Amino acid sequence: SSLLVMDDETIVAKVKKDLDTILGDSCISANVLDAAVVKLPNAVNWYAPGSYANMPDVQSKEIQNVFFAGDLVKTQHGSWSQEKAYVTGAEAANLILNKDRLEGIIPLSPDEAHVAAGREFVSFSKTIAGFGDKSRAPSLVDFLW
């Protein structure tokens with residue numbers, strides 16, 4: 001059932017139960033001390049130019065046993081949205097199990113000719129618009145607002 005129709009306490013209890021099942025005894029004996037539930041029923045991610053640098057890696061650099069998965073996590077796979085969430089989840093699981101990060105993950109196929117040509121055209125256009133420097137060219141975001 002959808003989490004959006006549940007109250008916050010029910011969601012926290014469900015997540016705790018799911019974690020108890022996944023992690024076992026060490027989690028079962030733990031108590032939830034604090035929780036925050038944010039519901040965004042019509043949310044969509046908007047990626048801004050340069051935002052990739054601020055995305056977390058699959059494995060935290062600060063806390064070695066913390067892993068992230070989702071479409072806002074850095075990966076070299078090239079997928080986006082639900083596929084990226086799946087891939088980063090698989091990458092995190094592989095790392096937790098001390099396997100090769102990419103084990104069992106199918107790489108993306110090369111771009112089809114028309115997609116590759118479109119990428120080249122956009123790159124060339126950005127070079128022209130940026131007066132030789134693609135980073136100075138306007139982005140699509142500049143035209144949306």
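Keep in mind that what you see is a predicted model, and the values were worked out from it rather than measured.
Judged by distance alone, the side chain of D7 and the main-chain N or O of E9 form a donor-acceptor pair under 3.5 Å. With hydrogens and angles disregarded, no donor-acceptor distance shorter than 3.5 Å links the side chain of T88 to the backbone of V73.
Screening residues 63-74 for salt bridge (Lys or Arg N to Asp or Glu O under 4.0 Å), with sequence neighbours left out, gives no hits. Sequence neighbours left out, the pairs with a member in residues 117-138 that pass salt bridge (Lys or Arg N to Asp or Glu O under 4.0 Å) are D111-R119. Within the structure, salt bridge (Lys or Arg N to Asp or Glu O under 4.0 Å) contacts touching residues 81-99 (residues at least two apart or in different chains) are E91-R101, K99-E103. Sequence neighbours left out, the pairs with a member in residues 15-36 that pass salt bridge (Lys or Arg N to Asp or Glu O under 4.0 Å) are K14-D18, K16-D20.
Using a 4.5 Å cut-off on side-chain heavy atoms (C-beta onward), L102 and N94 make no contact. For the pair S60/F68, a side-chain contact is recorded, criterion being any heavy-atom separation below 4.5 Å from C-beta on.
The minimum heavy-atom distance linking A85 with A69 is given by the pair O-CB, 4.4 Å.
To the nearest 0.5 Å, atom OG1 of residue T75 and atom CE of residue M55 are 11.0 Å apart. Distance check: I106 CD1 to S79 OG gives 11.5 Å after rounding to the nearest 0.5 Å. If you take CZ on F121 and NE2 on H114, they are separated by 15.5 Å, rounding to the nearest 0.5 Å.
Linking ILVMFWY residues whenever their side-chain heavy atoms come closer than 4.5 Å, directly or via other members, leaves L97 and L23 in distinct clusters. Hydrophobic clustering, with ILVMFWY side chains joined whenever heavy atoms are under 4.5 angstrom apart, keeps V58 apart from Y52. Grouping the Ile, Leu, Val, Met, Phe, Trp and Tyr side chains by contacts below 4.5 angstrom, directly or via other members, places V66 with I96. In the hydrophobic clustering of ILVMFWY residues, with side-chain heavy atoms under 4.5 Å counting as a link, I28 and V32 come out apart. Taken together through direct or relayed side-chain contacts under 4.5 Å among Ile, Leu, Val, Met, Phe, Trp and Tyr, I63 and F67 form part of one hydrophobic cluster.
Evaluation of the side-chain contact (heavy atoms from CB on, under 4.5 Å) rule for I128 yields F124 as partners, not counting sequence neighbours. I11 meets the side-chain contact (heavy atoms from CB on, under 4.5 Å) test with L3, M6, V15, V37, K39; sequence neighbours excluded.
By the neighbour-count criterion of 12 heavy atoms within 6.0 Å, atom CD of Q64 is densely surrounded, having more than that number from other residues, nucleotides or ligands.
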